[in-house]
Amino acid sequence: MTNYINPTATIELYRDVYETTYFIDKSEFLNAFIPMVASFQELKKLKIGRPQKYVCVTRPRRFGKSVNAYMIASFFMKGMDTHDIFDDLAISKHPLYENHINKHDVIFMDLSDGAASSKSIDEYLDMIKTRMREDMEALYPNVKIDPSRSIADHLKKIAEETQSRFIFVLDEWDYPLYMPYMKNADKESYIKFLSELLKAKAYVGFCYMTGIMPINTYDIGTPLNMFYEFIMGRNAIYAQYFGFNDDEVDLLYRKYLDQWKDDAVITRRQLAEWYDGYCLNGKRQLYNPKSVIEALSMNYLACYWSSSGRYEEIYTFIEHDIDGSRDAVAILLTGEGYPVQINQYAAASAKMTNIDQVFSAMVVYGFLTYDSNEKKVYIPNKELMVKFEEMLRNNHSLGYLHTLYISSRDVLNATKNLEPGPVEAAVKLVHDKEISLFKYNDEDAYASIVNLVYIAARDDYEVTREARGGTGYADLLFRPKRKDDDILVIELKVDEHPGTR
């Protein structure tokens with residue numbers, strides 16, 4: 001078994017996904033890559049030109065990046081027959097399907113592997129070079145491997161002697177950049193290594209690279225400027241292959257009902273409420289795929305983000321209250337959007353200085369979504385709202401926001417007991433603290449303020465805006481999750497008493 005060159009373990013990883021109940025066929029993504037390795041005659045028959053061969057797609061965690069990387073490698077890789085997988089998928093209809101399935105040498109590298117266990121950038125890169133030389137010695141015994149020469153030199157020689165090219169699939173490209181030993185000079189060494197391996201090399205058939213952060217995040221990405229980057233929220237190309245759309249979730253939901261039958265407890269509307277909401281070109285149409293699959297598999301709605309990162313990750317972005325980011329989070333907690341100029345390349349800046357950088361980072365990591373039409377960020381769904389509420393509940397250092405969350409349960413109880421005093425005091429506190437961020441005396445602003453006052457009510461109620469319009473009023477409806485609780489209807493009026501017009 002090899003480390004990087006035609007590693008059969010990658011095929012098994014994709015097969016594991018393919019054989020699950022809740023598999024979604026994203027194989028048409030391969031349409032983008034077959035022309036990159038097709039012959040000139042094949043391209044003439046298709047009446048197309050050869051696409052740019054360096055592609056980098058960045059997405060938040062849990063949006064199917066690694067699965068798609070496994071798929072690309074499994075389709076093209078020599079050494080195993082994967083017809084049993086792909087013959088049933090959409091890519092099998094491609095006119096060049098048989099010409100390229102299992103016909104190419106693939107170098108698949110999960111760049112997170114070994115990064116954390118290494119103690120320095122030199123140890124990490126030496127590990128990669130050693131593994132690559134082991135593969136070349138095993139697969140190309142007639143090619144003399146000189147440890148003093150670079151990996152690029154050896155790959156060039158192999159390509160010349162075998163008259164072939166390599167397909168590179170690099171997963172988690174940015175993971176090593178977060179290691180504690182990575183100083184600025186080390187990051188530059190890592191980027192230089194990737195550039196010398198890939199840039200302007202005839203042995204590269206194409207290179208597909210994926211990760212969370214855009215290449216130029218650290219202002220050291222110039223050596224990798226041959227890549228075309230596709231970033232969530234900015235580029236629509238390839239977007240349909242990451243995350244689930246409504247039709248795909250409909251398909252999965254039918255499978256769920258077939259599997260669980262009378263024991264099924266999740267409604268289709270609840271799936272949307274919990275896991276939809278990620279914007280794409282101004283439209284909210286993407287679901288978090290891993291959470292949808294976990295919920296349907298477990299027959300239980302929950303915040304599955306906890307398996308890949310706790311609420312403290314959100315806290316790290318706002319703990320220092322950069323540029324008023326805490327008050328802005330208060331607006332987001334009401335379900336409203338907050339205007340931001342997104343700069344995804346600055347998202348992981350070592351020193352954030354403004355709220356645009358803070359919220360840009362949260363968009364890149366998937367904690368917020370960005371509506372490019374409205375130019376606003378939002379908390380995308382209930383799953384993420386739960387994480388924000390966990391942050392408020394567990395961090396005393398958040399001051400006003402933490403106090404607000406804790407006191408909101410008392411406000412809810414006072415409302416049920418028809419005690420106006422605590423409610424009035426809480427509304428005044430939030431109004432005076434937050435009104436500068438809203439339009440003064442605007443009905444939506446007042447509804448948002450009241451929504452914030454009752455923020456803890458979401459633990460027991462589904463909160464919706466029941467009516468918008470008219471002058472000086474906005475209604476909120478609190479539907480109880482438990483049958484023995486009362487429905488709460490809150491009507492807001494300016495300079496009037498309830499029941500008057």
Side-chain angles (χ1 to χ4, degrees), residues 58-63 174 177-178 184 187 211-221 229 231-234 277-279 284 288 303 305 308-381 383-405 430 433-434 436-438 448 452 455:
T58 53
R59 289 293 185 274
R61 289 172 304 183
R62 304 164 60 84
F63 269 78
D174 54 329
L177 296 171
Y178 305 117
N184 285 338
K187 293 173 183 176
I212 294 175
M213 301 304 297
I215 291 172
N216 289 321
T217 295
Y218 293 93
D219 296 326
I220 55 176
E229 288 197 82
I231 301 170
M232 186 167 178
R234 194 185 75 178
Y278 291 92
C279 293
R284 298 187 179 190
N288 180 326
C303 179
W305 267 94
S308 62
R310 298 181 298 168
Y311 67 84
E312 284 90 345
E313 290 184 293
I314 296 177
Y315 174 68
T316 60
F317 288 108
I318 66 168
E319 60 179 322
H320 300 299
D321 196 22
I322 297 170
D323 199 16
S325 56
R326 288 187 189 175
D327 286 341
V329 165
I331 290 180
L332 297 176
L333 288 165
T334 70
E336 300 296 324
Y338 189 85
V340 170
Q341 292 293 322
I342 290 292
N343 181 355
Q344 301 198 56
Y345 290 118
S349 173
K351 182 180 252 186
M352 295 184 185
T353 59
N354 60 65
I355 197 169
D356 289 342
Q357 289 177 327
V358 172
F359 283 169
S360 292
M362 295 178 80
V363 168
V364 167
Y365 281 97
F367 295 127
L368 298 175
T369 189
Y370 179 65
D371 189 317
S372 58
N373 287 341
E374 297 183 5
K375 309 296 183 188
K376 291 181 179 181
V377 291
Y378 290 83
I379 298 174
N381 50 43
E383 181 179 35
L384 269 297
M385 187 67 77
V386 167
K387 287 188 68 68
F388 275 85
E389 290 174 3
E390 286 178 359
M391 175 191 67
L392 298 188
R393 182 168 56 247
N394 291 286
N395 286 281
H396 297 269
S397 60
L398 289 176
Y400 155 70
L401 287 178
H402 173 73
T403 301
L404 175 65
Y405 184 88
V430 177
K433 182 74 175 176
E434 304 292 344
S436 63
L437 298 175
F438 293 105
S448 296
L452 192 56
I455 186 170

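None of the values given here were measured: they were computed from a predicted structure. Here, residue 1 is the first one in the sequence, and each next residue gets the next number.
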Could you give the distance from [atom1] ([X]) to [atom2] ([Y]), rounded to the nearest 0.5 Å?
{"X": "Asn354", "Y": "Asp323", "atom1": "CG", "atom2": "CG", "value": "6.0 Å"}
{"X": "Ile379", "Y": "Leu368", "atom1": "CD1", "atom2": "CG", "value": "6.5 Å"}
{"X": "Glu336", "Y": "Ile331", "atom1": "CD", "atom2": "CD1", "value": "8.5 Å"}
{"X": "Tyr405", "Y": "Leu398", "atom1": "OH", "atom2": "CG", "value": "13.0 Å"}
{"X": "Thr58", "Y": "Ile215", "atom1": "OG1", "atom2": "CD1", "value": "8.0 Å"}

Verdict with reasoning, Met213 to Tyr178, per side-chain contact (heavy atoms from CB on, under 4.5 Å): CA-CA 11 Å; Met213 301 304 297; Tyr178 305 117; 2.4 Å; yes
side-chain contact (heavy atoms from CB on, under 4.5 Å) evaluation trace for Ile355 with Val340: CA-CA 8 Å; Ile355 197 169; Val340 170; 5.5 Å; no
Name of the residue among Asn395, Ile455, Leu392 meeting side chain to side chain contact (heavy atoms under 4.5 Å, CB included) with Leu401: Leu392
[X] and [Y]: which non-hydrogen atoms are nearest, and at how many Å?
{"X": "Val386", "Y": "Cys303", "result": "CG1-CB, 4.0 Å"}
{"X": "Arg61", "Y": "Phe367", "result": "NH2-CZ, 3.8 Å"}
{"X": "Asn288", "Y": "Glu383", "result": "ND2-OE1, 3.8 Å"}
{"X": "Met391", "Y": "Val329", "result": "CE-CG1, 4.4 Å"}
{"X": "His402", "Y": "Arg393", "result": "CE1-O, 3.2 Å"}
{"X": "Leu332", "Y": "Met385", "result": "O-CE, 4.0 Å"}

Using atom types as modelled and distance alone, determine if a side-chain donor or acceptor of [X] lies under 3.5 Å from a backbone N or O of [Y].
{"X": "Asp371", "Y": "Asn373", "answer": "yes"}
{"X": "Gln357", "Y": "Thr353", "answer": "yes"}
{"X": "Glu374", "Y": "Gly337", "answer": "no"}
{"X": "Arg326", "Y": "Ile318", "answer": "yes"}
{"X": "Thr369", "Y": "Tyr378", "answer": "no"}

Intermediate values then yes/no, side-chain contact (heavy atoms from CB on, under 4.5 Å), Val364 and Tyr370: CA-CA 10 Å; Val364 167; Tyr370 179 65; over 6 Å; no
Ring geometry between Phe317 and Tyr365 (parallel below 30°, tilted from 30 to 60°, perpendicular above 60°): tilted
Residue pair Asn381, Tyr278: steps toward the side-chain contact (heavy atoms from CB on, under 4.5 Å) verdict: CA-CA 8 Å; Asn381 50 43; Tyr278 291 92; 3.5 Å; yes
